[in-house]
Trainee: 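This is the structure I want to talk about, given as structure tokens.
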Amino acid sequence: MTASMSECIRQRLRRTRNHLGNLPAVCPAGFFFPQGFLTAVLQLHSRTSGTPLDGLTLSYNVMSAAAGPDDQQHEAPALGVYVYGLYLEAARWNNVSGCLAQALPGEVFSPLPAIHLIPHSTGSLDGQLHAVRANDSVADSSHYTTGAAA
């Protein structure tokens with residue numbers, strides 16, 4: 001390996017280390033495997049807090065205003081990460097009531113405000129946050145059954 005190649009690798013490692021733990025906002029829409037990102041958020045918290053990974057879960061809090069890559073209103077959170085760039089289909093986020101609402105007439109997609117993902121121990125859930133396990137899915141299709149052959 002040449003000296004310039006090893007220096008390039010060292011610079012990349014330094015940049016990567018500088019970014020770990022202080023990302024202000026992430027857009028997971030382009031991720032090939034978004035669940036891996038959620039697991040990485042839990043792993044980072046596990047390493048910094050010393051909590052076992054299987055004792056952690058994610059809570060979320062939908063922010064009141066939309067945030068994007070050029071939006072500097074949010075600094076990096078002390079705990080967790082902000083996620084932006086998600087859209088709702090046939091629904092919209094109602095900032096006044098803080099919940100989902102029916103889409104406006106003629107509106108198919110509506111932007112979802114930034115979401116603050118917060119890792120915490122499974123036993124320490126705050127009342128105003130919503131707990132979501134990183135490996136939860138809408139439908140479990142790990143097995144299926146067929147009719148008995150006669």
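Predicted model only: the values in this text are computed from it and were never measured.
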Trainee: Checking Val26 against Tyr82 for the side chain to side chain contact (heavy atoms under 4.5 Å, CB included) test, could you report, in this order, the C-alpha distance in whole Å, the side-chain angles of both residues, the deciding distance, and whether it holds?
Mentor: CA-CA 6 Å; Val26 175; Tyr82 294 117; over 6 Å; no

Trainee: Applying side-chain contact (heavy atoms from CB on, under 4.5 Å), name anything that partners Leu79, two or more places apart in sequence or on another chain.
Mentor: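 Only His45, Ile118, Pro119 meet the side-chain contact (heavy atoms from CB on, under 4.5 Å) criterion with Leu79.
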
Trainee: How long is the straight-line distance from CG of Leu88 back to CG of Leu100, given to the nearest 0.5 Å?
Mentor: 6.0 Å

Trainee: Just checking Phe37 against Phe31, ring centres under 6.0 Å apart?
Mentor: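 They qualify: ring centres under 6.0 Å apart.
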
Trainee: For Ala90 versus Ala103, what's the shortest heavy-atom pair and its separation?
Mentor: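 Shortest heavy-atom contact: C-CB, 3.7 Å.
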
Trainee: Measuring from Leu56:CG to His120:NE2, what's the distance to the nearest 0.5 Å?
Mentor: 9.0 Å

Trainee: Could you give the distance from CD (Gln43) to CG (Leu38), rounded to the nearest 0.5 Å?
Mentor: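 The CG atom of Leu38 is 11.5 Å from CD of Gln43, to the nearest 0.5 Å.
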
Trainee: Starting at OG1 of Thr122, measure out to CG of Leu58 and round the result to the nearest 0.5 Å.
Mentor: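 With rounding to 0.5 Å, OG1 (Thr122) is 12.0 Å from CG (Leu58).
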
Trainee: How close do Ser97 and Cys99 get, counting heavy atoms only, and between which atoms?
Mentor: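 Minimum heavy-atom separation between Ser97 and Cys99: OG-SG, 3.2 Å.
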
Trainee: Can you list the steps and then say if Ile115 with Asn61 is a side chain to side chain contact (heavy atoms under 4.5 Å, CB included)?
Mentor: CA-CA 6 Å; Ile115 300 173; Asn61 191 10; over 6 Å; no

Trainee: Does Gln102 offer a backbone N or O that forms a donor-acceptor pair with the side chain of Arg92 under 3.5 Å?
Mentor: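 Present.
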
Trainee: Taking the side chain as C-beta and beyond, is there a heavy-atom pair between Leu86 and Cys27 under 4.5 Å?
Mentor: no

Trainee: Nearest 0.5 angstrom please: Tyr60 OH to Leu117 CG, how far?
Mentor: 10.5 Å

Trainee: Does the side chain of Leu53 reach to within under 4.5 Å of the side chain of Leu42, using non-hydrogen atoms?
Mentor: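 Side chain of Leu53 against side chain of Leu42, heavy atoms only: contact under 4.5 Å found.
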
Trainee: Using a 3.5 Å distance criterion without hydrogens, assess whether the side chain of Ser110 forms a donor-acceptor pair with backbone atoms of Glu89.
Mentor: no

Trainee: Could you give me the CA-CA distance, side-chain angles and deciding distance for Tyr84 and Leu112, then say whether side chain to side chain contact (heavy atoms under 4.5 Å, CB included) is met?
Mentor: CA-CA 8 Å; Tyr84 69 94; Leu112 185 64; over 6 Å; no

